[in-house]
Colleague: 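One structure follows; several queries about it will come next.
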Amino acid sequence: KAKAAVEKKNPEKAITIAEDALRRGAYPIQIQRELLEICIEQHYLLKNFFKCQDHSKQLLKLFHDNEIAWNYLTRTYLETKNTTDEAIGMYEESYKRNPENKIYLPFLAKHYASRKDYTVEALNLMYDYFLADKGNRENVRALAEAYVQSKRMGEESIAVLEEALKDSP
């Protein structure tokens with residue numbers, strides 16, 4: 001019934017049916033997975049981001065690698081501009097899973113810069129963001145500072161330092 005409501009583009013009805021079924025609870029785990037996925041997708045459509053997060057976390061407890069739960073949990077964190085350690089971890093993991101998706105880089109770079117977290121992994125992600133958006137001056141300055149502090153030199157360091165010098169020769 002919940003799938004039929006989704007097909008009829010009635011997210012509220014789909015959520016009601018799926019959540020009622022989950023409350024009753026006597027379903028095989030694969031059915032629970034399907035019901036949770038419906039709740040996640042439909043709550044996201046309705047911009048009920050916190051409900052979407054709750055259902056995503058519930059699904060990840062059952063199926064740690066569920067792509068729908070990972071995807072929507074990370075997307076809701078982005079939508080709510082969440083910068084908790086949990087969200088940062090999700091952004092990092094999502095970027096590792098799909099480095100072509102650069103949407104997480106601004107959040108990660110800003111997070112690392114604000115904490116002056118200049119680990120090798122942080123520097124690599126900040127550099128990836130530099131390559132994606134050389135116009136982000138905050139990241140350029142933070143990355144240049146990190147390279148100087150870590151005494152890291154190489155072609156990428158030189159490119160960043162040259163770009164940083166444009167701000168303050």
Side-chain angles (χ1 to χ4, degrees), residues 11 15 29 32-34 36-169:
I15 289 168
I29 195 151
Q32 289 178 42
R33 179 189 55 77
E34 289 179 29
L36 284 166
E37 288 174 350
I38 288 169
C39 290
I40 290 165
E41 291 170 337
Q42 300 310 301
H43 276 301
Y44 187 85
L45 276 176
L46 295 173
K47 299 191 184 315
N48 296 333
F49 298 132
F50 294 107
K51 282 278 199 184
C52 183
Q53 288 173 10
D54 291 342
H55 287 301
S56 295
K57 289 176 184 179
Q58 189 178 351
L59 183 54
L60 286 171
K61 284 180 186 173
L62 298 172
F63 297 92
H64 179 70
D65 288 330
N66 183 283
E67 283 300 315
I68 290 173
W70 266 98
N71 183 28
Y72 280 97
L73 184 57
T74 307
R75 287 167 64 181
T76 59
Y77 282 162
L78 284 173
E79 292 284 351
T80 58
K81 297 184 180 11
N82 189 332
T83 57
T84 62
D85 288 341
E86 180 182 15
I88 295 298
M90 294 289 293
Y91 300 151
E92 289 170 338
E93 183 63 28
S94 294
Y95 183 66
K96 284 178 195 170
R97 288 174 178 221
N98 183 7
E100 295 302 310
N101 190 349
K102 311 271 187 234
I103 194 167
Y104 310 107
L105 292 178
F107 289 92
L108 291 170
K110 189 171 186 158
H111 172 76
Y112 298 140
S114 70
R115 291 185 173 199
K116 297 198 182 292
D117 177 356
Y118 301 139
T119 62
V120 171
E121 183 179 359
L123 289 176
N124 289 340
L125 286 167
M126 290 171 75
Y127 184 71
D128 287 351
Y129 183 40
F130 168 76
L131 293 175
D133 181 9
K134 291 182 180 176
N136 185 298
R137 306 318 296 168
E138 183 180 352
N139 183 55
V140 170
R141 286 188 298 274
L143 189 54
E145 177 186 330
Y147 282 156
V148 169
Q149 283 183 10
S150 66
K151 296 179 175 63
R152 186 172 171 179
M153 289 297 142
E155 292 203 21
E156 74 265 3
S157 305
I158 293 167
V160 170
L161 293 170
E162 285 176 345
E163 191 65 33
L165 285 174
K166 292 178 182 176
D167 289 342
S168 54

Colleague: Find the distance between CD (Glu156) and CG (Leu143) and round it off to the nearest 0.5 Å.
Modeller: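 Going from the CD atom of Glu156 to the CG atom of Leu143 covers 8.5 Å.
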Colleague: Test Glu86 against Tyr77 for side-chain contact (heavy atoms from CB on, under 4.5 Å), laying out the working first.
Modeller: CA-CA 9 Å; Glu86 180 182 15; Tyr77 282 162; 3.0 Å; yes
Colleague: If we only count heavy atoms from C-beta on, is the Lys102 to Asp128 side-chain gap below 4.5 Å?
Modeller: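 The answer is no; the side chains never approach within 4.5 Å.
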Colleague: So, Lys47 side chain and Tyr44 main chain: donor-acceptor pair closer than 3.5 Å or not?
Modeller: no
Colleague: Do other residues, nucleotides or ligands put more than 12 heavy atoms under 6.0 Å from Ile103 CD1?
Modeller: no
Colleague: Using every non-hydrogen atom in the two residues, find where Leu62 and Gln32 come nearest and quote the distance to one decimal.
Modeller: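 So the minimum-distance heavy-atom pair works out to CD1-OE1, 3.8 Å.
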Colleague: Rounded to the nearest 0.5 Å, what separation is found between the OG atom of Ser94 and the CD atom of Glu67?
Modeller: 8.5 Å
Colleague: So, Arg141 and Glu145, do they make that salt bridge, N to O below 4.0 Å?
Modeller: no
Colleague: Counting only heavy atoms not in Gln149 (residues, nucleotides, ligands), do more than 12 fall under 6.0 Å from its CD?
Modeller: yes
Colleague: Checking Glu163 now: which residues fulfil side chain to side chain contact (heavy atoms under 4.5 Å, CB included) with it, not counting sequence neighbours?
Modeller: Phe130, Arg137, Val140, Lys166
Colleague: Between Tyr91 and Asn82, which heavy-atom pair has the shortest distance, and what is it?
Modeller: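 So the minimum-distance heavy-atom pair works out to OH-O, 2.8 Å.
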Colleague: Minimum heavy-atom separation for Leu46 to Ile15, with atom names?
Modeller: CD1-CD1, 3.7 Å
Colleague: With a 4.5 Å heavy-atom cut-off, do Thr119 and Leu123 have their side chains touching?
Modeller: no
Colleague: Does Ile88 reach the side chain of Glu92, with side-chain heavy atoms less than 4.5 Å apart?
Modeller: yes
Colleague: What distance separates Asn136 CG from Lys110 NZ, expressed to the nearest 0.5 Å?
Modeller: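 These two atoms lie 8.5 Å from each other.
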Colleague: So which atom in Met126 and which in Asn139 form the shortest heavy-atom distance, rounded to 0.1 Å?
Modeller: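 That closest heavy-atom pairing would be O-ND2, 3.1 Å.
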Colleague: Could you list the residues that satisfy ring pair (Phe, Tyr, Trp, His ring centres under 6.0 Å) with Tyr147, not counting sequence neighbours?
Modeller: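 Ring pair (Phe, Tyr, Trp, His ring centres under 6.0 Å) check on Tyr147 returns nothing, list empty.
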Colleague: For Ala142 and Tyr118, which heavy atoms make the closest approach, and how far apart are they?
Modeller: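 So the minimum-distance heavy-atom pair works out to O-OH, 3.9 Å.
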Colleague: Report the distance from atom CG of Leu59 to atom CG of Asp54, rounding to the nearest 0.5 Å.
Modeller: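 The distance works out to 12.5 Å.
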Colleague: Output, in order, the C-alpha distance, side-chain angles, deciding distance and verdict of side-chain contact (heavy atoms from CB on, under 4.5 Å) for Arg75 and Phe49.
Modeller: CA-CA 9 Å; Arg75 287 167 64 181; Phe49 298 132; over 6 Å; no
Colleague: Side-chain contact test, heavy atoms from C-beta onward, threshold under 4.5 Å: evaluate it for Met90 versus Trp70 and give yes or no.
Modeller: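 A side-chain contact under 4.5 Å exists here.
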Colleague: Side chains of Tyr104 and Thr74: closer than 4.5 Å at any heavy-atom pair?
Modeller: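 Yes, their side chains come closer than 4.5 Å.
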Colleague: Tell me the closest heavy-atom pair linking Tyr129 and Ala109, and the distance in Å.
Modeller: CD2-CB, 3.5 Å
Colleague: Taking only residues two or more places apart in sequence, or in another chain, which ones meet Tyr112 in a ring pair (Phe, Tyr, Trp, His ring centres under 6.0 Å)?
Modeller: none
Colleague: Start with the C-alpha distance between Glu93 and Arg97, add both sets of side-chain angles, then the distance that settles salt bridge (charged side-chain N to carboxylate O under 4.0 Å, His left out), and finish with yes or no.
Modeller: CA-CA 6 Å; Glu93 183 63 28; Arg97 288 174 178 221; 3.4 Å; yes
Colleague: Do NZ/NE/NH1/NH2 and the carboxylate oxygens of Lys96 and Glu121 come within less than 4.0 Å?
Modeller: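 Yes, Lys96 and Glu121 are salt-bridged.
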Colleague: May I ask you to test the His111-Leu108 pair for a side-chain heavy-atom distance under 4.5 Å?
Modeller: no
Colleague: Is the shortest heavy-atom distance from the side chain of Asn66 to the side chain of Glu37 under 4.5 Å?
Modeller: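 Of all side-chain heavy-atom pairs linking Glu37 with Asn66, at least one is under 4.5 Å.
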Colleague: State whether Arg115 and Asp85 are salt-bridged, where the test is any N-O pair (Lys NZ or Arg NE/NH1/NH2 against Asp/Glu carboxylate O) under 4.0 Å.
Modeller: yes
Colleague: Which value, rounded to the nearest 0.5 Å, describes the distance between Glu34 atom CD and Cys39 atom SG?
Modeller: 12.0 Å
Colleague: What I'd like to find out is whether the side chain of Ile40 reaches to under 4.5 Å of the side chain of Leu73, using heavy atoms alone.
Modeller: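 No - every pair of side-chain heavy atoms lies 4.5 Å or more apart.
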Colleague: Roughly how far, to the nearest 0.5 Å, is OG1 of Thr76 from NZ of Lys57?
Modeller: 8.5 Å
